[in-house]
**Student:** 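The following block contains the structure, expressed as structure tokens.
Values below: all heavy atoms of this structure, side chains included; hydrogens, waters and symmetry mates excluded.
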Amino acid sequence: MIIHDSHNAFFRAPLGAQPADTHITIRMQSDEPIALAFVRLWWDNAEIKLDMNKETPDVYAVQLTLPSHPGLLWYHFVLEMKDGSTVFYGNAGDRMGGEGELSSHEPPSFQITVYDPRYDTPHWMRDGIMYHIMTDRFYASKPVAERPAPENGHWHMKWDEPPELDIHDATSDNISDDFFGGDLNGIREKLPYLKQLGVTILYLSPIFRARSNHKYNTGDYRQIDPSFGTHEDFRALCQAAKQLGMHVMLDGVFSHTGSDSRYFNKDGNYDELGAYQSPKSPYYDWYHFRHWPDQYESWWGFETLPVVDKLEPAYLDFIIRSDDAVTSHWLRQGASGWRLDVADELPMKFLYLLRERLKRESADHAILGEVWEDASSKVAYGELRCYCLGDTLDSVMNYPLREMMIDFMLGRANAQEFVRRLTHMQHNYPKPFFYSLMNLLSSHDKPRIIGVLAGVGDMEPPRDQRRVVKLKKTEYNLGKQRLLLAWQLICALPGMPSLYYADEAGLVGMADPFCRGTYPWGHEDQQLLDEVRRIASERHLHPVWARGELFVHEQGDDVVIVVRKIAHGVDAFGDPAPDAVGICAINRGKKAVHLTVEGAKLDVPAMGSISMVRLG
């Protein structure tokens, strides 16, 4: 038998992603007759072949120093057998590390993420609980009857009406011109509620002037949308949030603008000469015209979203480099960071420049990216991109965890598969990145989690088939029960546990636009809300849940066990912290389970969880 296990400290030490210039030992064990053993490394598109030495009769080892600059190092083994044959040993077929596989040809390689030793993330990310708000749908500070008509579209006269689906014949996109009246002052009025819920980070979907209700078609990066309020309202929200220990994160849509924007001005609604109107526009070079004015590059073919050239000097100056660039301006108004829409569609150079600028102003500024896959080795536009080396993003939205959670809760994956996928993520991501992930269950782009976990059918059908959905009582209760298990698990893991507004209140909805309903003030599921609040409170009460070392394993098919540890007076980052052991067990099965974990005897109920912290 030949074995190398990249998740086992005997075979790879130290484990996981490592800072540049770190010394590392790689071992392989074999009870088969080997004449020569090599490790084949790939770095910067070049091959390095290193001899392995015998440590014991059946253990081969090599010590190496990781490169001095960040990147991805790949390795597999080449074995010359005593019978004259050559075999290879590499990563498993699913490329998730752990125990590898023998092969007669070149196998997939194991990954080592080599990151900048100076890389760190704002501590408020790893310690925080996030709340994602679509402003129009959260809370209105005054009745719509007291407001001027929206610039485009119409008001809903009743807060509890469902969102509208009105598909544009030419674009097949939802017109998104129905408004409910939620605003920045409404969020400010509800800060005490959010504080009581345990929220420390407010992530706001775009708040800048735009014609749609979702605002992802930016019209003016320098103006708060009039339906949401004013500059003064935004500053007041940030100041009030800060007084309650909260940070505000903004949504930056920098890959495209709206066609109805100050910069493109296709509809002529702005007082500046837009790129659509004239090649003499100061914004003309921001866009890619195949034939001016009607043939231009647009985001995923939506003509209402013309794509910008992110590296065009004038655009870079406007967004990043000038003294009062957009990204710096709003941080100076009180925001603490940016979530970058479709971050994997932004050039790496754009991200380098953005990070350098914002971190130069304050290391406490955060940059969170929308990346749906493994952010350590994402292939986008034919280029392998790693967003966790310490030179671009602080962290990303953790959609892979969401999918893992749903698969486990619905029985599409067992506990062993869940643990394997989570361990793969843990070992590929540097610790600062892993502990700052946005761990979400719902979003404005995905169906509401209760309906998904109820398993009632396709909650994300083609857009023209989406509708208002109501769950039967039994379906709702099952979805709620599973949601609480998922929330308990997310609060036991490293990263920012994240709530999409009104999930804690029991809101149900298919994908866009029905996942964007209004918060049901006065009609919340109080039992669900109380449990979500209680679990969040436990997370805040014990630092071990945010900053302890992570150990995760399974018991049978149905139980996932998370252990978090702070030992010798320091947390996972070497900072002072009280010793503690946190244990969380999640049982999706229909039978109670009796466990002994870290010397503690646990009785985990059917379809239930248990969580405890032992101090000292």
**Student:** Residues two or more places apart in sequence or in another chain: which of them pass side-chain hydrogen bond (donor to acceptor under 3.5 Å, both in side chains) with N398?
**Tutor:** N439
**Student:** Test of understanding: with side-chain hydrogen bond (donor to acceptor under 3.5 Å, both in side chains), list the residues that count as partners of D530, not counting sequence neighbours.
**Tutor:** Q526, R533
**Student:** Can you list every pair that meets salt bridge (charged side-chain N to carboxylate O under 4.0 Å, His left out) and has a residue in residues 196-212, with sequence neighbours left out?
**Tutor:** E151-R209, R211-D260
**Student:** Can you name the ring-ring contact (aromatic ring centres under 6.0 Å, His included) partners of Y119, sequence neighbours left out?
**Tutor:** none
**Student:** Strictly by salt bridge (charged side-chain N to carboxylate O under 4.0 Å, His left out), give each pair with a member in residues 181-201 just once, sequence neighbours left out.
**Tutor:** R147-D183
**Student:** Suppose we screen for side-chain hydrogen bond (donor to acceptor under 3.5 Å, both in side chains). Which residues come up paired with E403, at least two apart in sequence or across chains?
**Tutor:** none
**Student:** Pairs in or reaching into residues 234-246: which pass salt bridge (charged side-chain N to carboxylate O under 4.0 Å, His left out), with residues at least two apart or in two chains?
**Tutor:** E232-R235
**Student:** Tell me the ring-ring contact (aromatic ring centres under 6.0 Å, His included) pairs involving residues 329-362, sequence neighbours left out?
**Tutor:** F208-W330, H231-H329, H231-W330, F234-W330, F254-W338
**Student:** Keeping to residues at least two apart or across chains, list the ring-ring contact (aromatic ring centres under 6.0 Å, His included) pairs with something in residues 256-278.
**Tutor:** Y221-Y263, H256-W299, Y263-Y283, Y263-W286, Y263-F318, F264-Y276, F264-Y287, F264-F289, F264-Y296
**Student:** With sequence neighbours excluded, what pairs up with Q239 under the side-chain hydrogen bond (donor to acceptor under 3.5 Å, both in side chains) test?
**Tutor:** none
**Student:** Which residue pairs pass the ring-ring contact (aromatic ring centres under 6.0 Å, His included) test with at least one member in residues 495-514, sequence neighbours excluded?
**Tutor:** H132-Y500
**Student:** Keeping to residues at least two apart or across chains, list the salt bridge (charged side-chain N to carboxylate O under 4.0 Å, His left out) pairs with something in residues 326-341.
**Tutor:** D251-R339, D324-R332, R332-E361, R339-D341, R339-E370
